[in-house]
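Take a look at the structure set out below.
Residue numbers begin at 1 in each chain, while the letters A, B, ... track the order of the sequences.
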Amino acid sequence: MAIAERTKAYPRPSLHRASQLVYRNALAYKHYWIAFISGFFEPVFYLVAVGFGVGQFVGGVPFGGGQLDYASFLAPGMLAASTLNGALFDGFFSPFFKLNWMRTYDGIITTPVNISDIAVGEVAWALIRGTIYGAGFLIVMLVFGLIHSPWALLALPAVMLSSGALSAGAMILTGITKQISSLEKVMTLVVFPLFLFSGTFFPVSLYPGYLRPIVQATPLYHSASLLRALTTGAVGWATLWHVVYLVVMFVLASALAIRLMRRRLIS
Amino acid sequence: MATSASSEPEALIQAEGLNKLFGELVAVDAVDFEVRKGEAFGFLGPNGAGKTSTMRMIGCTSPPSGGTLRVIGMDPVSQASEIKARIGVVPQMDNLDIELTVRENLEMYARYFDIPRDVANPRIDELIDFVQLQEKVDSKVEPLSGGMKRRLTIARALINDPDLLLLDEPTTGLDPQARHLVWDRLYRLKQRGVTLVITTHYMDEAEQLCDRLVVMDKAKIVTEGSPPDLIARYSTREVLELRLSDDAREKLATSADDLADRVEWLPDRVLLYTETGDATLAAIHESGIQTYSALVRRATLEDVFLTITGRSLIE
Amino acid sequence: MNATKIVRRNSLVHWRAWRSSFFLSVLSPVMFLSAMGLGLGSLVEEEQAFGGVDYLAFFATGMLAASCMQAGAFSGTYPVMNKIVWQKNYDAVLASPLNVRDIFLGEVSWSAVMLTQLATPFFMIMAFAGIFDSPLAILAIPVAVLVGTSCAAVIMAYTATLHTDEAYTWLFRFVVTPLFLLSGTFFPIDQLPAWGRVVAHLTPLFHGVELVRQLTIYDLDPSAIWHLGYLVALLGVGVVVGIRNFERRLLP
């Protein structure tokens with residue numbers, strides 16, 4: 001069947017076409033700049049309230065064989081969590097509405113821009129925004145004296161990696177959800193547990209042994225651990241594992257997300 | 001759009017035995033048609049007849065399940081990007097970018113088509129004039145009226161100066177003024193040589209706009225021709241509409257078949273398809289049948305359409 | 001009372017979505033509780049700072065009031081804007097014998113119903129965990145509902161002045177979240193700088209949290225009257241201003 005064979009020859013994404021999606025989002029945010037700026041503050045509020053507010057009653061967190069003050073422990077966790085927040089917003093909420101509500105993508109695919117360009121463009125935008133927030137948060141950490149190692153110079157590329165991997169993961173959610181009620185389900189059943197239990201607020205060593213492997217399988221655990229290793233200087237070979245996990249997730253999730261989006265838009 | 005390479009076929013769209021299946025459901029069943037350069041071609045049919053599926057296959061956003069389809073001489077699956085670069089699409093439901101302004105919507109589409117800014121900017125100005133949205137350039141899309149949104153969608157579809165414009169029910173849901181404005185703009189595009197492909201279930205729209213059309217019903221093409229052609233083929237020149245008392249109806253029933261080519265008995269009226277309505281009416285009055293009211297009108301596509309697809313409601 | 005009709009309409013509409021949504025709305029605070037109370041709480045060493053109770057008890061009781069505040073605040077935003085701006089349901093309601101006052105009071109009562117359904121299981125989980133044993137503790141439920149309802153009324157009054165949902169982004173980011181984090185839920189407000197304590201005293205959540213804690217884990221003291229007075233007054237102001245704003249908006 002000639003047609004069935006030809007449909008397999010999907011066009012490859014082009015960075016140039018994908019960049020138009022990034023431009024589109026930047027243009028839209030011109031009208032919603034408050035939302036853009038305000039996204040930066042959420043993890044800062046958590047850092048102040050929990051890291052310093054509650055942290056002063058915490059003697060120290062067992063970490064890397066020694067003790068770490070709580071704010072220094074929490075800050076990289078919040079940095080990782082902010083990449084999750086950004087990924088969720090730009091990789092899921094916003095594409096969800098463009099796909100199901102505003103039907104923006106239905107219009108775009110009538111132009112030479114194709115679905116893989118759209119997916120790459122949205123992830124690229126999420127990555128850019130995550131990087132801007134991450135850079136801001138790293139400055140806040142520096143000002144509060146929560147950076148303890150020159151390895152922290154690599155924290156920004158690590159933030160980009162984390163943003164990319166998590167946004168590609170979020171795009172998978174876009175590809176499989178249709179109902180508005182899914183948003184709440186995803187928030188409560190996926191995002192919230194990740195945010196709270198991925199070694200962000202307290203170390204994995206506090207979990208009973210049987211729960212640890214589950215936590216250590218989650219992407220946010222790897223993102224938080226990687227960033228914590230870099231900002232505290234506790235870098236070792238194990239740190240590389242976190243990088244590998246996130247790179248693999250980025251590649252696999254992107255491929256799957258494009259496939260799912262295609263199924264939704266081309267019928 | 002006037003420059004056509006010599007290799008380019010006169011037929012902009014060619015379909016032979018074109019199929020579209022969604023699982024078990026046959027949406028388009030082995031249709032053949034051809035759209036020639038510069039004409040306005042219509043797909044007419046009730047909801048669910050397969051018009052939109054056909055349009056989406058032409059627009060390269062839905063791969064055909066079988067048969068052949070060539071759009072501007074190219075294959076819509078393997079050469080989708082090349083085809084899309086040369087067509088404009090006005091979808092059934094507006095999918096304007098509501099987070100952007102009117103002008104930004106056009107700017108973004110110019111970018112998606114990779115049109116250089118120095119070409120795009122004057123074209124955007126020209127299109128905004130063309131669809132009469134000068135006052136709304138910097139307004140967001142959401143507060144625009146339905147007619148304005150439709151016009152903006154049409155302007156957006158023209159941003160790449162397309163050879164072929166696909167319009168899926170372009171005036172559904174618009175008020176009469178807005179419809180006439182859209183028709184006027186489409187007519188001007190046709191004058192400029194743009195090939196139009198239109199789906200509609202409005203007969204007046206098809207009569208106004210289309211040089212040639214096909215009628216689709218239950219996934220198949222049931223007939224093809226120009227509007228006057230189809231009227232000549234499936235109807236008489238005129239239609240006489242009568243409202244009668246029950247007695248008169250009974251009387252007419254005995255002689256009606258001799259008076260007209262075809263008679264249709266509706267609950268509230270009787271339709272007599274005839275070459276000269278006035279003569280038929282005179283004959284009825286002569287035979288002593290009283291009418292409450294009588295209307296002689298020219299036969300329209302609607303008569304053709306209802307003759308072919310039937311009067312029962314299709315949901 | 002005509003306002004009950006609005007409550008009944010909402011409960012009809014929400015009933016199907018309710019069961020799953022109810023489960024989800026209880027699940028979030030419970031997860032928060034285990035992460036902060038058990039996880040982070042196990043790291044906390046200086047329990048005397050929390051009035052002699054462990055951090056789980058301190059945080060959980062604060063969280064009861066805080067999650068009601070958040071849910072109440074939310075119920076005054078998108079769902080109400082939807083009925084005013086997007087779907088315009090109220091215009092249809094006003095074509096019936098119901099008036100604007102009925103609509104507003106109905107929406108506020110609906111928030112209270114919803115919040116009760118949130119606070120009750122939350123309270124039962126805490127009781128089950130042995131966080132408190134005083135019979136007075138049961139009063140923490142109406143107090144938490146009052147916190148949420150007064151926030152709902154104030155925000156509904158605000159919603160009636162809006163035409164788009166853009167303002168909600170900063171409302172949640174710069175008002176609700178800081179309130180949630182800094183009004184004594186996570187740590188005692190005497191840790192705040194002096195100006196922060198003054199601000200905290202002006203927020204409904206601080207008063208709600210204090211009152212809930214006095215009823216559950218601390219001893220009731222005369223300041224309870226002042227805390228309760230504040231919350232009742234806020235609800236009153238929210239209702240009066242809300243009805244006025246709704247009238248201006250719906251009957252221009």
Side-chain angles (χ1 to χ4, degrees), chain A residues 31-62 67-68 70 73-74 77 85 89 179-189 191-207 211 215, chain C residues 16-18 20-50 54-55 58-59 74 78 164-192 196:
Chain A
H31 306 289
Y32 303 98
W33 59 271
I34 295 179
F36 191 93
I37 306 270
S38 72
F40 166 74
F41 288 94
E42 190 130 341
V44 178
F45 287 142
Y46 269 92
L47 179 62
V48 171
V50 182
F52 293 110
V54 185
Q56 59 193 310
F57 305 111
V58 174
V61 185
Q67 292 273 311
L68 190 61
Y70 187 66
F73 175 87
L74 181 72
N85 250 336
F89 192 87
Q179 307 291 326
I180 191 101
S181 60
S182 315
L183 298 184
E184 200 191 354
K185 281 186 194 134
V186 166
M187 280 305 284
T188 315
L189 300 176
V191 180
F192 219 48
L194 277 181
F195 172 65
L196 293 170
F197 299 108
S198 298
T200 38
F201 286 93
F202 53 93
V204 181
S205 57
L206 291 184
Y207 286 103
L211 278 179
V215 175
Chain C
R16 243 182 320 156
W18 188 241
S20 90
S21 169
F22 170 67
F23 169 71
L24 296 176
S25 65
V26 175
L27 194 61
S28 320
V30 168
M31 286 193 296
F32 221 103
L33 212 64
S34 21
M36 296 297 159
L38 295 172
L40 173 56
S42 71
L43 296 169
V44 170
E45 288 171 350
E46 303 168 45
E47 286 182 356
Q48 71 281 9
F50 303 105
D54 61 16
Y55 187 67
F58 176 85
F59 180 73
F74 183 82
Y78 296 94
T164 68
D165 58 351
E166 279 164 58
Y168 293 147
T169 308
W170 71 258
L171 179 72
F172 281 102
R173 286 247 164 83
F174 292 121
V175 180
V176 177
T177 302
L179 220 87
F180 169 60
L181 291 169
L182 302 170
S183 297
T185 315
F186 284 80
F187 56 90
I189 63 155
D190 42 350
Q191 300 304 318
L192 292 172

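Across every non-hydrogen atom of C/T177 and A/E42, the tightest pair is OG1-OE1, 4.2 Å. Scanning both residues, C/S34 and A/F197, for their nearest heavy atoms gives OG-CZ, 4.0 Å. Of all heavy-atom pairs spanning C/R173 and A/F45, the tightest one is O-CE1, 3.1 Å. The heavy-atom pair separating A/P193 from C/M31 by the smallest distance is CG-SD, 3.6 Å. Between A/L206 and C/G39, the shortest heavy-atom contact is CD1-O, 3.5 Å.
With a 4.5 angstrom heavy-atom cutoff, A/V50 touches chain C only via side-chain atoms. At a 4.5 Å heavy-atom cutoff, the contact between C/F180 and chain A is made by side-chain atoms alone. Both the backbone and the side chain of C/E45 come within contact range of chain A, judged by heavy atoms closer than 4.5 Å. When heavy atoms are compared at a cutoff of 4.5 Å, C/F50 approaches chain A solely by way of its side chain, counted from C-beta outward. Only the side chain of A/F41 comes within contact range of chain C, judged by heavy atoms closer than 4.5 Å.
Atom OH of A/Y70 and atom CG of C/L40 lie 4.0 Å apart (nearest 0.5 Å). Here the CZ-CZ distance, from A/F52 to C/F186, works out to 15.5 Å after rounding to the nearest 0.5 Å.
Chosen from C/T169, C/L43, C/V44, the residue pairing most often with chain A at heavy-atom distances under 4.5 Å is C/L43. By number of non-hydrogen pairs under 4.5 angstrom with chain C, the leading residue of A/A49, A/P203, A/S181 is A/A49.
Between C/Q191 and A/V54 the shortest side-chain heavy-atom distance does not fall below 4.5 Å. Side chains of A/V48 and C/L181 form no contact here, defined as non-hydrogen atoms less than 4.5 Å apart. Contact annotation: the side chain of A/L189 approaches that of C/L27 to within less than 4.5 Å [non-hydrogen atoms, C-beta and beyond].
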- Can you check ring pair (Phe, Tyr, Trp, His ring centres under 6.0 Å) on A/F57 and C/Y55, steps first, answer last? CA-CA 10 Å; A/F57 305 111; C/Y55 187 67; 8.2 Å; no
